[in-house]
Amino acid sequence: MIATNLRQTCLYLLFFLTTTGFAAKPLMSMIPITPLPNVIPNNGTTVTVIYNVTNNTNNPELTNFSMTPIPGVEQITQTTGACHGVGAQNSCLLYLILHGDQTAEAIHDGPILNTGASYTRPSPGQTLQLATTAASNIVNNSWIKVLIEQDPAPSGSDLTTYIAKIKTLAPNLEQFHLRVTPLPITPGSPSYQQYADTVTAIRAAYPGTTLIIGFHPDNNMNSASCLGWGCDTTSCNLPTDQWTATQLTCMLNTSIQTMNRITALLPEGQGFDSFSIEQGYVEPTATCPLPAPPPPQPPACLQQIKACLCPQGTHTQNGTACPAVNSESCLPGVTLANPSVTLGSVLGSYGGEDIYGPTKLDFGYPQYYNLGKQIPVDYDALLSGGYFPASSTACRPSPYPQHLYVVDVDTPGAYAPEIPCAIAGEPDAANIYTNPSASAPNVTLASNYLAFLMTQYPPIQETVDTHGASVFITLSGEPNFLGAPGWSLANIFQLNYNLGINFLYLQKLYPSLFPNGIPPLQYAIWNFGSILENMP
Amino acid sequence: MIKLFSWILCSCLIISQASIGAPLSADKVIAFSGGPAWYQAGNTQTIQLQPNFTNTYAATIPQQVLANGELFFGLQRTFARLGFGQLGLAIAGSSDARLQGYIWETADPLFDNFSYHYKISHAHLALKTKWLFNHWSPSVLPYFSASLGVAQNKAHHFYMTPLIFEALPTPNFQNHQETALSYTLGIGVHKTVNSQIQLGVGYEFGDWGHSSLNRAPGQTLNHGLSLNHLYTQQLQFTVNYLFSERS
């Protein structure tokens with residue numbers, strides 16, 4: 001009896017030690033790295049959920065698991081870092097794609113991992129709790145904040161259709177920039193009234209919002225534009241590398257006058273809010289103090305242009321204050337904007353902090369296309385692991401003679417890079433956004449490339465202090481990219497959605513890609529006419 | 001099994017009658033006994049369920065109680081200056097014994113993610129003998145008893161309960177009934193009420209013998225939880241009824 005009691009006591013002690021305070025721990029920890037939605041669209045648009053799975057055991061043989069099948073939940077194993085199995089004390093990514101059009105019922109639990117003799121699911125609040133809903137409730141491109149015209153809007157009934165499509169494309173638009181061809185000389189240009197009508201129509205499509213209307217003049221640095229704006233023939237016909245402040249002053253002056261004139265046709269407070277320029281325009285993006293001779297020197301600086309558009313001490317029609325002090329004055333011979341307007345620029349790159357600020361750019365629209373970057377060796381696993389889909393690397397010779405480029409150029413030749421050859425073989429090519437075999441966009445391919453490229457530039461790779469200016473990552477609506485057939489609104493939505501997922505995924509695999517975390521990002525689309533044409 | 005024991009019993013009776021002869025014949029006796037039995041059952045086991053997966057089933061062994069009951073049919077003979085000897089067949093049954101513990105997944109106490117429970121039911125048929133001594137008093141008779149039997153032990157109703165939200169139960173070990181050797185040993189005292197009825201109270205120690213659960217669905221190696229012995233300690237109350245051939 002005493003022996004029994006001792007044994008009993010020992011066992012109770014053991015029991016007490018092992019169970020009080022709960023040493024219990026799941027064999028696999030599953031932590032979501034992407035948001036867990038409660039509703040997913042019931043059409044073909046997919047939602048991605050990624051869990052970081054950690055094998056908590058020390059058992060070297062316990063490496064494999066399978067996921068209990070759930071209708072509508074597809075596990076992806078062909079991307080870098082994705083789970084095929086996970087060794088003791090290691091992690092992998094459980095990459096799930098939710099197909100709302102394949103699940104008839106709501107999903108209440110899971111995902112459940114089965115190691116053969118054990119089942120594990122995520123912690124409370126981190127399991128899948130999904131219902132499907134009409135796609136229209138979720139799939140809208142509210143992420144498109146800015147649209148910049150490349151061609152003037154149509155008039156009459158065509159304008160009505162045009163505006164309606166814009167509203168469908170970008171329901172949460174914040175800025176709309178009208179392309180204005182040189183007036184009054186260029187034949188076939190819309191009249192001042194027609195531009196005013198466009199402004200009225202676009203404002204009416206977004207009632208109750210403070211939509212910023214931009215004046216986007218055709219100030220191309222070529223003789224046609226120069227002459228179109230009514231500038232001196234001799235000056236305009238000079239080779240552009242001999243252009244001076246003369247051409248700038250003339251074109252800037254007449255385009256500001258045109259802007260003022262159109263604004264005057266509109267009710268008070270309903271005119272233009274902003275003046276936007278573009279790379280290749282006559283306006284430079286240099287800042288004062290300008291470099292000393294020898295030439296070439298920019299004919300002017302941003303502060304001077306800003307002084308013409310937003311003279312110090314004034315404010316725009318919607319109350320935005322112009323700089324209190326501007327060390328520069330407007331260029332001689334240039335009309336001041338009336339009322340004052342802010343200044344934006346469609347740039348070739350993000351630019352440094354020196355071009356942004358109250359006396360410089362209020363808005364930047366860097367073009368994030370035609371980009372090419374060499375993949376650092378640290379990220380080779382993105383190629384071998386499948387993040388860059390197989391179709392994009394299949395025919396690379398092995399071993400690779402040079403390091404591969406990640407590119408999204410829409411025409412071949414710009415960098416002569418090693419574009420994935422399945423695409424490089426195409427005559428018109430190298431539009432990697434089009435799947436050569438299906439003649440339809442490969443949204444996965446496009447979003448994977450674009451996401452990685454964006455990690456190689458600001459604002460992700462480094463933070464740029466814009467001194468209060470707003471920057472919109474600008475994508476192309478040309479037929480090479482989002483204006484190509486097959487880029488339905490749902491696919492355009494999917495592209496932006498996938499970007500967000502990819503940032504989370506890349507950050508998990510390579511935190512160093514995001515030294516300051518994932519910054520907030522805003523987007524614009526330039527030259528969106530083809531997108532509208534593709535809409536029914 | 002019952003047939004075999006009937007044969008043994010009949011043979012014994014015939015032999016005893018033949019050897020003893022007419023003057024000292026045996027009385028028939030029927031006894032009902034029962035009472036609570038205390039037990040502490042279970043042992044910690046580590047079982048490899050699949051080539052790459054092993055669990056430890058860490059038993060908790062609290063003292064618990066079940067109910068026993070027994071029906072005894074036999075013959076009683078008087079032995080001069082000693083007392084009485086009973087030999088017969090005992091049929092006994094018990095309420096379920098409950099076993100429980102914790103499951104350490106991968107045999108690591110860090111992952112004690114489940115509690116488990118199961119039951120064992122027990123019935124046996126035994127050859128039982130009981131010796132009562134009237135040396136000290138005609139009305140208070142101490143006794144000892146012993147039996148050896150064939151038991152049906154059924155391990156059943158295994159289930160596991162997750163202790164954390166993240167763990168989900170796996171398929172259970174399945175029920176299994178087996179035949180085992182069981183035995184009892186008892187001591188106590190009878191009180192004579194009249195010439196036919198005696199009431200007894202005593203202690204009986206029992207061992208149910210071996211029991212085990214079957215494999216769970218999906219389990220590819222080994223078997224379920226098993227137990228070599230389940231010991232009980234019973235406070236036994238007896239009503240002994242004698243059918244005497246003498247008036």
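Each chain gets a letter, A, B and so on, in the order its sequence line appears, and its residues count up from 1.
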B:Phe165 portion near chain A, given a 4.5 angstrom heavy-atom threshold: both
Counting only heavy atoms not in A:Lys508, do more than 12 sit closer than 6.0 Å to its NZ atom? no
Mark yes when over 12 heavy atoms from residues, nucleotides or ligands other than B:Arg98 sit less than 6.0 Å from its CZ; otherwise mark no. no
With only heavy atoms counted, which part of B:Pro162 is less than 4.5 Å from chain A, the side chain, the backbone, both or neither? neither
Separation between CG (A:Asn58) and CG (B:Leu110), nearest 0.5 Å, reads 8.5 Å
Looking only at heavy atoms, the pair that brings A:Pro26 and B:Phe111 closest together is O-CE2, 3.6 Å
Which residues from residues 121-140 of chain A are near chain B, with near meaning under 4.5 Å between non-hydrogen atoms? A:Arg121, A:Pro122, A:Ser123, A:Pro124, A:Thr127
Nearest-0.5 Å distance, CG of residue A:Asn59 to CG of residue B:Asn52: 7.0 Å
Strictly less than 4.5 Å between heavy atoms, which residues of residues 61-68 of chain A line up against chain B? Please order them by number. A:Glu61, A:Leu62
Report the distance from atom CD of B:Glu105 to atom OG1 of A:Thr115, rounding to the nearest 0.5 Å. 7.0 Å
Closest heavy-atom pair, B:Leu49 versus A:Ala117, reported as atoms and distance to 0.1 Å, is CD1-CB, 4.4 Å
Among residues 204-213 of chain B, those lying within the under-4.5 Å heavy-atom range of chain A are none
In terms of heavy-atom contacts, does NE2 of B:His223 have more than 12 from other residues, nucleotides or ligands at under 6.0 Å? no
Anything under 3.5 Å between a donor and an acceptor, one on a side chain of residues 167-175 of chain B, the other on a protein residue two or more places apart or in another chain? List them.
{"from": "B:Asn172", "atom 1": "ND2", "to": "B:Phe158", "atom 2": "O", "distance (Å)": "3.2"}
{"from": "B:Asn175", "atom 1": "OD1", "to": "B:His157", "atom 2": "N", "distance (Å)": "3.0"}

